[in-house]
Amino acid sequence: MHSQQAAATATLSAEHQAGRPHGLPGDGGSARTVYAYATDPEASLPEGRFVEEVRTVLRRHATATDDGSLDALVRQAADWGAAERERYRTLAGDEEGPEGHHQVLVRRAVLGCAPLALLSGAWLQWLSAPGNADDPLVLRILALYASDVGAGHPAASRGSAYLELLRRLRLAENAAPAARLTGDQRIPDGAFRLPALLLAMSRRPDDFRGEILGADLCLRAVGLLPALELVREVLPTGAEWPALDPGQLRCTEGPLPVEQCRAAVDALVAVEGERGAAAVRSGFRWMLAGLRDWSEALHAELVAAGDPAFDMADLMRLRSREGAVYHHQFLLEGKPLARWLAECRTDPGPLLDVLARSKLVKPGRSGASSLVRGLVSERGPMFRVFSPEDLTVIRRWIDSLPVRPADPHGAGAETARDTRPPRTPSPAAGPQDPLAAVAGALRAGARSPGRTPSGLREAYHLLMTRTDTPALRSWAMEYVAGWLARSGHGMDRTAMPLPERWGHEGLRPWLQAQHDRHGVEFEENAAIPLPSKEAVVDDTVQTAPLTLIDGSWLQGFTDYEQASSAIGHSLFETYWDELGNGEPHLNHPLIYRDVLKEMGVELPPTASAAFAQWPGFREESLELPVYWLCVGRFPQTFLPEVLGLNLAMELSGVGGTYRRARLALKAYGFSTRFVDIHNTIDNVATGHSAWAADAVDTLLASLPDAPGPGARADVWSRVQVGYRSLNPPRSVGARLAARRTRFTGRRR
């Protein structure tokens with residue numbers, strides 16, 4: 001197996017066997033910790049204590065202040081959102097503030113909303129899974145989610161629209177990927193609490209489906225986050241406002257998102273009864289209570305920010321830690337500046353007072369103050385310590401200070417007013433960290449590694465859901481490693497359909513040539529007799545474990561940031577197409593089941609243990625489906641391999657195999673709809689095959705043409721292995737290579 005694949009497999013396998021989530025930050029606030037981990041598309045959150053702690057938080061904050069009906073909750077959320085937006089609009093209308101006041105409010109409001117708005121709708125990302133991909137409820141949810149991510153277009157999600165707003169305001173340096181927001185100290189911890197818990201719940205959809213839908217319904221009923229109303233008032237053309245409002249349509253027609261979500265909720269309640277209804281109400285109440293607390297704190301922050309001293313205090317607090325390392329010799333009123341800065345971490349007021357009295361500052365005259373002139377000039381001792389934005393904050397504070405009266409003895413008198421910042425609660429304030437226990441449970445990992453699949457049939461069943469255990473995840477990683485080792489066996493000695501090297505012209509010319517070849521082969525084989533009816537039925541049955549999980553190799557690209565990325569947007573659209581774009585009559589698994597019924601075959605539900613154990617399936621019919629289910633869980637670790645597999649899969653039947661299958665099905669009176677729809681949507685001009693080639697080209701074009709791991713030649717070889725993994729060699733040597741790799745993985 002490729003060395004980079006082997007290294008990734010060994011590292012992840014060791015962490016999963018230990019039962020600890022991989023890549024979990026070890027410090028920082030709890031909300032930031034949970035948020036950073038839960039944005040990982042390969043995140044695996046433990047069951048047991050973690051689930052219990054999340055439920056504890058939901059109960060703590062979900063106070064019943066309504067008549068108990070969901071209709072009343074929706075009205076309450078909508079009314080609160082409208083009233084709260086009006087409250088923020090009033091702030092925008094205040095013309096009495098100092099110069100630059102509106103810019104300060106906009107900056108703080110936009111940063112305060114960023115953790116939630118950058119991932120608007122992301123909590124729906126894992127509600128579809130291989131085992132429920134034909135469920136009408138899941139298709140409703142997926143349709144809503146596809147609108148949120150702007151299916152089929154790069155950078156078209158609601159979060160992408162918010163990123164554009166951040167970029168316009170030059171606040172986006174820590175915004176992509178969203179996990180980097182946790183390092184932006186301008187954003188208070190409290191802004192991460194709601195999205196952190198909601199994203200964490202999204203990684204365990206089987207435990208929190210009702211709560212996720214309830215929280216989503218609340219957010220859509222509220223509409224545009226209230227603080228953003230202030231921004232819209234100041235910058236009416238500054239953003240794509242309908243995209244930033246989760247309650248608004250992304251297109252010109254169709255039901256409103258809040259109506260779509262409500263329909264999904266009603267469908268859930270119809271299936272799960274009062275248990276589902278209670279879960280929805282719990283999630284709704286928790287979200288509404290959390291929005292109220294967060295918005296109240298953010299509003300108080302913006303009110304306080306009317307005084308430039310508030311911004312200055314924040315800046316000093318942020319810079320104090322690194323600044324305290326220096327300035328031991330520089331004295332302010334007899335005390336080293338380093339000590340003033342150290343104390344500033346908890347209370348910046350005294351430092352602001354002493355700075356206002358010092359010779360560094362000329363109150364009311366920033367242009368004459370050395371703090372923003374000589375000290376930060378090219379030859380000054382603090383050159384580039386402060387960013388241009390920081391210097392604006394300092395100048396506004398200095399200009400807001402009252403002019404110091406003249407002192408006959410040459411020493412400045414104390415300022416005429418208190419220069420300390422106003423004291424106000426911030427979104428990070430509180431007697432205790434509400435997500436400390438959740439983060440602690442996340443760090444502790446699973447209580448036990450869980451059950452290792454006894455074989456392919458059990459693995460197929462266990463892999464039907466998004467959630468897993470350390471043992472299952474480790475097994476899946478080892479299975480992929482072994483399958484890829486088998487796929488790569490003898491690559492140098494075997495004719496490879498893909499070009500030997502990737503060229504700048506991309507794969508479209510090669511794709512057309514392959515399509516032509518398929519057409520020629522179809523014509524050449526026209527005289528070959530069709531298989532018997534029994535053979536057609538047997539092939540259809542043995543292919544069922546594969547076809548009923550159509551698109552599962554792409555399940556990792558439902559992840560929010562993957563689904564709207566330059567590479568992943570077409571992969572998500574392919575997955576979205578395989579499941580029928582939210583329409584049951586277009587859903588490929590359901591269409592395939594209809595064909596099976598015509599053949600007299602009634603299979604158990606795909607997600608059931610009975611399906612995997614069904615005696616009519618031969619063991620080898622589960623090998624490739626299990627590989628799909630495993631590799632789809634690792635969209636980043638095995639990105640080149642998944643892209644190669646996707647290209648092979650989408651091209652495999654176009655122009656030839658599907659046409660011949662159509663002849664056989666039609667000859668025996670069976671519906672040809674399944675192969676017909678694939679032969680059209682997989683086409684090489686505008687269909688899945690073309691998208692698959694484009695995704696490969698997008699990745700390869702971004703890489704350096706140099707030797708070594710991660711460069712173009714190296715990644716192209718991994719794409720080739722992935723392409724071959726659809727139909728790996730069956731020789732004894734290839735199967736031994738797979739066994740050796742899996743055994744090595746277990747030893748590590």
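- Within the 3.5 Å criterion, the main-chain N or O of A566 finds a donor-acceptor partner in the side chain of H569.
- A salt bridge is absent between R193 and D293; no separation between the charged side-chain nitrogens and carboxylate oxygens falls under 4.0 Å.
- Looking at R396 and D307, no side-chain N of the basic residue comes within less than 4.0 Å of a carboxylate O on the acidic one, giving no salt bridge.
- Salt bridge status for R204 with E211: absent, with no side-chain N to carboxylate O gap under 4.0 Å.
- Checked for salt-bridge contact, E229 and R232 meet the test: a charged N lies under 4.0 Å from a carboxylate O.
- Aromatic ring orientation, Y145 versus Y560: tilted (interplanar angle from 30° to 60°).
- Side-chain contact between R209 and L268: present, with at least one pair of heavy atoms (C-beta onward) separated by less than 4.5 Å.
- For R140 and D266, the salt-bridge test fails: no basic side-chain N is under 4.0 Å from an acidic carboxylate O.
- D216 and W123 are linked by a side-chain donor-acceptor pair at a separation below 3.5 angstrom, with hydrogens and angles left out of the test.
- In summary, the side chains of R466 and T558 do present a donor paired with an acceptor at a separation below 3.5 Å, with no hydrogens or angles considered.
- Looking at R281, its side chain never comes within 3.5 Å of a backbone N or O of G276 through a donor-acceptor pair.
- Counting heavy atoms from C-beta outward, P195 and L119 have side chains that stay 4.5 Å or more apart.
- Note on R203 versus D468: no salt bridge recorded, every NZ/NE/NH1/NH2 to OD/OE distance being 4.0 Å or above.
- A salt bridge is defined here as a Lys NZ or Arg NE, NH1 or NH2 lying under 4.0 Å from an Asp or Glu carboxylate O, and E52 with R55 fails to meet this definition.
- Defined by atom type and a distance below 3.5 Å, a donor-acceptor pair is present between the side-chain atoms of S295 and E84.
- Using a cutoff of 4.0 Å between basic side-chain nitrogens and carboxylate oxygens, R186 and E173 are scored as salt-bridged.
- The pair R633-E42 does not count as a salt bridge, with every side-chain nitrogen at least 4.0 angstrom from each carboxylate oxygen.
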Margin query: Checking W241 against V231 for the side-chain contact (heavy atoms from CB on, under 4.5 Å) test, could you report, in this order, the C-alpha distance in whole Å, the side-chain angles of both residues, the deciding distance, and whether it holds?
Written below: CA-CA 10 Å; W241 294 109; V231 183; 3.8 Å; yes
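- Between F192 and Y35, the ring centre distance stays below 6.0 Å.
- For the pair D314/R108, a side-chain contact is recorded, criterion being any heavy-atom separation below 4.5 Å from C-beta on.
- We find that R32 and D184 are not joined by a salt bridge, their nearest charged nitrogen and carboxylate oxygen being 4.0 Å or further apart.
- No side-chain donor from either of T33 and S30 sits under 3.5 Å from a side-chain acceptor of the other.
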